[in-house]
Enquirer: 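Take this structure, written in structure tokens, and hold onto it; I'll ask about it next.
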Amino acid sequence: MIILGLSGALGHDASAAIIVDGKIVAAAEEERFIRDKHAKNKFPLEAARYCLREAGVRPEQVDIVAFPYGEIPLSSGARWHYAKRYWYAPDRALDALFNGNRRFRRNRDKSLALMRELGLTKARFVPVEHHLAHASSAYHLSGFKEKTAIVGIDGKGEYATTFFGYGENGKIHKIKEFYDPDSLGGMYGAITEYLGFEMLDGEFKVMGMAPYGDPKRYDLSRLAKFENGELKINTDYVNVVGLRRYKEKGKGYYFTPKLVEWLGPKRQGDEIDDPYIHYAASIQQLLEDIALEMIEYYLGDIIRETGRIAMAGGVALNVKLNQRIIGLPHVKELFVQPASGDNGTSLGAASYVAAESGEPLEPMRHAYLGPSFTTEECIAACEAHPAKPKFQRVENAPQKGAEILSQGNPLAWFQGRMEFGPRALGCRSILGDPSHPGVADRINAQIKYRERWRPFCPSMLDRVAADILQTDHPAPYMTFTFDVAEHWKPRIPEVVHEDGTARAQIVSKDTNPRYYALIEELERLRNVPVILNTSLNRRGEPMICSPTDALNMFYGCDLEYLLMEDVLVTKG
């Protein structure tokens, strides 16, 4: 059976994924092809074309198109909850009751139009509830055979914001959902906006800022409460619509003027400053504490039974929360879907439909699911580029790359298949030698043009990971932070964050042999089996997809070395 998953229902992070006979063949975000971050209000035309091409599938061969946005019946309670909580915006409240599937119908019609454009004439359109798609992307692809606790926390899908359930024998069972506006992800997103960042993009920045502050300095607990099994967000302050929104320069935000009266003016600029670092620390603490309370309340028994948790949804990318989940007693392993945001719901919807059809699904072994390019294609891109790049073919790219890194230079590294999800995992990366003091600042100032306090991540060889991270928990996707062992901190200072943690990627030879070889070469030269790794893009741009994208970026920043497959491009 051939199942194509398409996402884009929520107006951001459109993507496509294809599963053929239970195996993930390809998955990619639309933003990478159209060069527009988050692909706002777009549907995944180019991503779907790529998936069909990669799978070698003709459009008429596709059996099912799965879409991660469902119809929500009036009997479910979700629409009633929404109407009751948004009483202050009667137009929204009444709309939820009397026209509550308006967005579903609009998305279905757009999807059917996209299917016609792609020539998917024989495929059946199957909608999947948004949070079931998240749940499936985590549980069905985790490889866990035992009964598995499932956590889904994000901003919102149709109406649901939070999902607790379990997976057993390939079936997903719902235990509890919470509905908009009662959303931890929404609360964190509103404070992200208050701290001067963009929702969907700045949550990582708030998380990076938090360790610089003191969570006890300001108590933000009035924003959210979890009592007697119910989550309630305080809409006097956050998660608001309509006239309750704080407005500045004609733009409305997800927080109220009352929040500004309480905490002071909305933060501006890039510096870490008082009191905002403490607000970041406090909101991070609140998110972690409430999420852990909810997990214990709804899933504690299942966790004590088998120790397995699968997690997705935008909040699953909060690596500090994930570190605390791993640290809970009885947790043996946490699988976090690497594309946990709405980009991963195309894969989730496809996997859900496959599982419901009785198709045995192969677990996700890596996130290298995007396009790849040959050395010849890289050379052709160089020859066609208006900047007339100076390039040469190299015999041993990992060895050459390690030499460049060992001299303290940042390196743009482009090889293999592009990663699915927000993290660069050694195929579309900017790299540095983490034992060279100042390399992180250099990458920040010259290339990434991003806030100087944001942490950089280490990629490390699997054979040393347990010694560095003091645990043997799997970590192939940069979805967790770990406490770095004291004897390693002075050896890799550029990838240890303010609080002594690192958001690590453990690299294995079987999933990324070329990247593994590069780190081994660096170890030979510098005695450090770790590399600093950040995504190959500039601030505000999507990750690089093609050789032409890489060259455009290279000539738009101060990078001096770019290795694309076996082609070394240099400046000066």
Enquirer: Atom CD1 in I295, atom CD1 in I153: separation rounded to 0.5 Å?
Expert: 5.5 Å
Enquirer: Could you check whether R423 makes a cation-pi contact with F204, meaning its NZ or CZ is under 6.0 Å from the centre of the six-membered ring and within 45° of the ring axis?
Expert: yes
Enquirer: D462 versus V507: any side-chain heavy-atom pair under 4.5 Å?
Expert: no
Enquirer: Centre of Y88's six-membered ring, under 6.0 Å away, within 45 degrees of the axis: is that where NZ or CZ of R244 sits?
Expert: yes
Enquirer: Check whether Y166 forms a cation-pi arrangement with K147 (NZ or CZ under 6.0 Å from the six-membered ring centre, at most 45° off the ring normal).
Expert: yes
Enquirer: For the pair D289 and R324, find out whether any cationic side-chain nitrogen is under 4.0 Å from an anionic carboxylate oxygen.
Expert: yes
Enquirer: Strictly distance-based, threshold 3.5 Å: is any side-chain N or O of S136 a donor or acceptor partner for the main-chain N or O of A133?
Expert: no
Enquirer: Output, in order, the C-alpha distance, side-chain angles, deciding distance and verdict of side-chain contact (heavy atoms from CB on, under 4.5 Å) for Q323 and D483.
Expert: CA-CA 9 Å; Q323 181 175 10; D483 293 321; 3.4 Å; yes
Enquirer: Minimum heavy-atom separation for V319 and M478, please, with both atom names.
Expert: CG1-O, 3.8 Å
Enquirer: Checking R308 against F144: charged group under 6.0 Å from the ring centre and within 45 degrees of the axis?
Expert: yes
Enquirer: Any sub-3.5 Å donor-acceptor pair from H173's side-chain atoms to G165's backbone N or O?
Expert: no
Enquirer: Would you call K174 and E129 a salt bridge, using N to O less than 4.0 angstrom?
Expert: yes
Enquirer: Assert yes or no for the condition that the ring centre distance of Y179 to Y82 is strictly below 6.0 Å.
Expert: no
Enquirer: For residues F480 and H473, establish whether the separation of their ring centroids is below 6.0 Å.
Expert: yes
Enquirer: Between I302 and A149, what is the shortest heavy-atom contact and its length?
Expert: CG2-N, 3.8 Å
Enquirer: So do the side chains of Y368 and F420 get within less than 4.5 Å of each other, counting heavy atoms only?
Expert: no
Enquirer: Would you check if there is a donor-acceptor pair between the side chains of S346 and S7 at a distance under 3.5 Å?
Expert: no
Enquirer: For the pair R124 and D63, evaluate salt bridge (Lys or Arg N to Asp or Glu O under 4.0 Å) and give the outcome as yes or no after the intermediate values.
Expert: CA-CA 6 Å; R124 188 160 56 89; D63 298 296; over 6 Å; no
Enquirer: Keeping N101 on the side-chain end and E71 on the backbone end, is there a donor-acceptor pair under 3.5 Å?
Expert: no
Enquirer: Test your reading of the model: is there a side-chain donor-acceptor pair from S282 to the backbone of Y279, 3.5 Å cut-off?
Expert: no
Enquirer: Can you find a pair of side-chain heavy atoms, one from E230 and one from K176, that are under 4.5 Å apart?
Expert: yes
Enquirer: Between D13 and K40, does any NZ, NE, NH1 or NH2 come within less than 4.0 Å of an OD or OE carboxylate oxygen?
Expert: no
Enquirer: Go through the steps for V484 and I468 under the test side-chain contact (heavy atoms from CB on, under 4.5 Å), then give the verdict.
Expert: CA-CA 6 Å; V484 176; I468 298 173; 4.3 Å; yes
Enquirer: Assess whether a salt bridge exists between D182 and K232, defined as any Lys/Arg side-chain N lying under 4.0 Å from an Asp/Glu carboxylate O.
Expert: no
Enquirer: Where do V62 and V57 land on the side-chain contact (heavy atoms from CB on, under 4.5 Å) test, with the steps shown first?
Expert: CA-CA 7 Å; V62 175; V57 164; 3.9 Å; yes
Enquirer: Salt bridge or not between K37 and E198? Use side-chain N to carboxylate O under 4.0 Å.
Expert: no
Enquirer: Would you call R58-E60 a salt bridge at under 4.0 Å N-O?
Expert: yes
Enquirer: Counting only N and O atoms by type, is there a donor-acceptor contact under 3.5 Å from the side chain of T256 to the main-chain atoms of D236?
Expert: yes
Enquirer: Run the side-chain contact (heavy atoms from CB on, under 4.5 Å) check on Q505 and N533 step by step: do they pass?
Expert: CA-CA 9 Å; Q505 175 199 6; N533 174 8; 3.5 Å; yes
Enquirer: Check whether any side-chain N or O of H497 sits under 3.5 Å from a backbone N or O of G208 as a donor-acceptor pair, and report yes or no.
Expert: yes
Enquirer: Rounded to the nearest 0.5 Å, what's the gap from NZ on K332 to OG1 on T306? Could you check?
Expert: 7.0 Å
Enquirer: Does a donor on one side chain sit under 3.5 Å from an acceptor on the other, for K320 and T501?
Expert: yes
Enquirer: Could you measure the distance from the OG atom of S357 to the CD1 atom of I3? Nearest 0.5 Å is fine.
Expert: 5.5 Å
Enquirer: What I'd like to find out is whether the side chain of I18 reaches to under 4.5 Å of the side chain of E54, using heavy atoms alone.
Expert: no
Enquirer: For a 4.5 angstrom cut-off between non-hydrogen side-chain atoms, does L114 reach V65?
Expert: no
Enquirer: To the nearest 0.5 Å, what is the distance between CD1 on I150 and CD1 on I172?
Expert: 4.5 Å
Enquirer: Report the C-alpha separation of D510 and H366 in whole Å, then their side-chain angles, then the decisive distance to 0.1 Å, and conclude whether the side chain to side chain donor-acceptor pair (under 3.5 Å) test is met.
Expert: CA-CA 10 Å; D510 60 329; H366 56 76; over 6 Å; no
Enquirer: Considering all heavy atoms of both residues, which atom of G314 and which atom of D154 are nearest to each other, and what is their separation?
Expert: N-CB, 3.4 Å
Enquirer: Please confirm whether the backbone N or O of L97 pairs with a side-chain atom of W80, one donor and one acceptor, at under 3.5 Å?
Expert: no
Enquirer: Can a donor-acceptor pair be found, under 3.5 Å and without considering hydrogens, that links the side chain of E362 to the backbone of K23?
Expert: no
Enquirer: Take H81 and D180, measure what side chain to side chain donor-acceptor pair (under 3.5 Å) needs, and give me the verdict at the end.
Expert: CA-CA 8 Å; H81 180 93; D180 193 27; over 6 Å; no
Enquirer: Given R304 and D301, is the salt bridge (Lys or Arg N to Asp or Glu O under 4.0 Å) satisfied, shown in steps?
Expert: CA-CA 5 Å; R304 282 185 280 280; D301 291 351; 3.2 Å; yes
Enquirer: For residues P371 and C545, determine if any side-chain heavy atom of one lies less than 4.5 Å from a side-chain heavy atom of the other.
Expert: yes
Enquirer: Given side chains that start at C-beta, do those of L469 and M460 come closer than 4.5 Å, heavy atoms only?
Expert: yes
Enquirer: Rounded to the nearest 0.5 Å, how far does CD of Q284 lie from CG of L220?
Expert: 12.0 Å
Enquirer: Check for a donor-acceptor pair, side chain of Y159 on one end and backbone N or O of G77 on the other, with a separation under 3.5 Å.
Expert: no
Enquirer: With under 30° as parallel and over 60° as perpendicular, where do the rings of F226 and Y297 fit, or are they tilted in between?
Expert: perpendicular
Enquirer: Look at the rings of F43 and F67 and say which category their plane angle falls in: under 30° parallel, 30 to 60° tilted, over 60° perpendicular.
Expert: parallel
Enquirer: About how many Å separate CD1 of I72 and NE2 of H130, when rounded to the nearest 0.5 Å?
Expert: 11.0 Å
Enquirer: Is there a side-chain contact between N107 and F104 (heavy atoms, below 4.5 Å)?
Expert: no
Enquirer: Do you know which of H12, H38, E29, E30 makes side chain to side chain donor-acceptor pair (under 3.5 Å) with N343?
Expert: E29
Enquirer: Is the side chain of S351 donor-acceptor paired with the backbone N or O of L347 at a distance under 3.5 Å, no angle test?
Expert: yes
Enquirer: What I want to find out is whether D109 reaches R106 closely enough, with some N-O distance under 4.0 Å, to be called a salt bridge.
Expert: no
